[in-house]
Amino acid sequence: MFPGARTDPDDARYVIIGAPFDATTSFLPGARFGPGRIRKFAHALEGYDRRTDQDVSELGVGDVGDVEAGADPASVVEYLQSTLTGHVLNERVPILLGGEHTVSVAGVRATEPDVFVSIDAHLDLRDRYRGQHYSHATVTRRALETVEEAVIVGARSGSRAEWERTTSADVTLIAPEEAASWVATYDAPIYLSVDIDAIDPAYAPATGTPAPYGLEPAIARDIIATLAPTAVGFDVVEVTDRDAGQTATLAASLVRRFICDHAQAHG
Ligand code: MN
Ligand code: MN
């Protein structure tokens with residue numbers, strides 16, 4: 001369980017759900033271990049958050065464990081979406097721990113935001129990937145079927161066709177070099193997704209598709225703090241077990257950042 005959380009989500013404001021899905025991973029597997037790994041290394045962090053002067057245990061965080069994540073991406077997305085929708089109807093903000101990025105599609109569909117903000121090294125704008133409609137490489141494309149705008153922060157990798165897709169009015173790109181000075185706030189509800197490979201692999205090596213020349217961790221942290229107040233859902237995905245724990249510790253810290261800044265803004 002995530003430290004500071006409780007197992008009964010009944011009157012929780014935030015619900016943490018693990019989605020250990022790892023079926024469309026195309027390079028290094030291990031995202032199935034992400035949720036457990038993030039919870040384990042979250043114990044390295046203090047419950048008290050100095051920045052917002054709050055303790056995570058006082059913020060109404062529930063942790064309902066992991067969903068069953070089989071091999072068929074369409075059924076996993078559908079099942080996860082229905083689970084998340086139940087929590088959204090009970091006015092809980094869903095916080096997904098991946099699993100590969102595919103699970104974010106369920107988060108977007110359950111929360112129905114106007115904007116999908118994806119902090120990611122990759123565009124994930126393929127329409128299909130290796131024959132799959134639902135894949136870690138098609139996430140942003142699928143999200144665009146629900147949202148009006150996708151913002152991809154830290155993007156540096158994609159196919160020619162994906163880069164061409166970014167020229168449409170519904171896609172905004174923030175390059176890694178621009179991320180530090182990017183200040184955006186949205187009045188409209190956003191869904192905030194953190195593909196951990198957006199962070200430079202020197203800091204976050206345990207991920208399925210590492211991409212050099214990435215973000216400094218503190219830049220991602222500050223973007224999350226800024227965007228959390230208008231977010232209706234959040235996830236951290238693509239964390240694997242192939243390191244000494246530094247990637248999961250960072251992921252846990254970003255989850256904590258989201259919860260504390262969201263809670264502070266919503267009293
Ligand atoms: Mn991704
Ligand atoms: Mn990625």
Side-chain angles (χ1 to χ4, degrees), residues 19-35 38 69 73 76-77 80 96-109 113 115-130 132-147 150-159 161-163 165-166 171-176 179 190-217 219-220 223-224 233-240 242-243 247-248 250-251 254-255:
F21 182 61
D22 200 8
T24 76
T25 302
S26 48
F27 191 47
L28 303 169
R32 73 195 68 180
F33 302 116
I38 294 169
V76 170
V77 168
L80 186 55
L96 268 179
L97 309 179
E100 52 166 276
H101 209 165
T102 316
V103 301
S104 302
V105 178
V108 169
R109 290 183 178 169
V115 183
F116 176 63
V117 179
S118 184
I119 304 178
D120 195 339
H122 306 94
L123 298 174
D124 291 352
L125 280 170
R126 285 171 157 95
D127 187 39
R128 297 180 76 79
Y129 188 60
R130 298 190 171 174
Q132 302 271 23
H133 182 69
Y134 295 104
S135 156
H136 66 95
T138 68
V139 176
T140 307
R141 185 68 169 259
R142 292 289 85 79
L144 279 165
E145 294 163 0
T146 300
V147 302
V151 183
I152 312 167
V153 184
R156 52 196 182 273
S157 178
S159 68
E162 286 180 282
W163 285 105
R165 181 65 181 80
T166 67
V171 178
T172 301
L173 277 186
I174 310 297
I190 68 164
Y191 183 95
L192 182 52
S193 179
V194 180
D195 180 332
I196 204 71
D197 67 29
I199 312 297
D200 193 273
Y203 303 103
T207 194
T209 320
Y213 317 118
L215 301 181
E216 295 280 328
I219 291 173
I223 291 171
I224 291 166
F234 179 75
D235 65 52
V236 178
V237 299
E238 299 285 350
V239 174
T240 75
R242 295 177 176 236
D243 70 355
T247 307
L250 172 61
L254 298 177
V255 169

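Counting convention: from 1, in listed order, for ligands and their atoms alike. Computed from a predicted structure; not experimentally measured. Both backbone and side-chain heavy atoms feed into the values below; hydrogens, waters and symmetry mates do not.
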* Starting from the C-alpha separation in whole Å, work towards a yes-or-no answer on side chain to side chain contact (heavy atoms under 4.5 Å, CB included) for Thr247 and Ile199. => CA-CA 9 Å; Thr247 307; Ile199 312 297; over 6 Å; no
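Between His136 and Tyr129, the two ring planes are perpendicular [angle over 60°; tilted spans 30° to 60°].
Residues satisfying the ring pair (Phe, Tyr, Trp, His ring centres under 6.0 Å) test with Phe234, not counting sequence neighbours, are Phe258.
Screening the protein for N, O or S atoms under 2.8 Å from the Mn ion (ligand 1) yields 4; no waters enter the count.
Thr138 OG1 to Asp127 CG: the interatomic distance, rounded to the nearest 0.5 Å, is 8.0 Å.
The shortest distance between side-chain heavy atoms of Leu97 and Val239 does not fall below 4.5 Å.
In plain terms, the two heavy atoms of Arg142 and His133 that are nearest each other are NH1-O, 2.7 Å.
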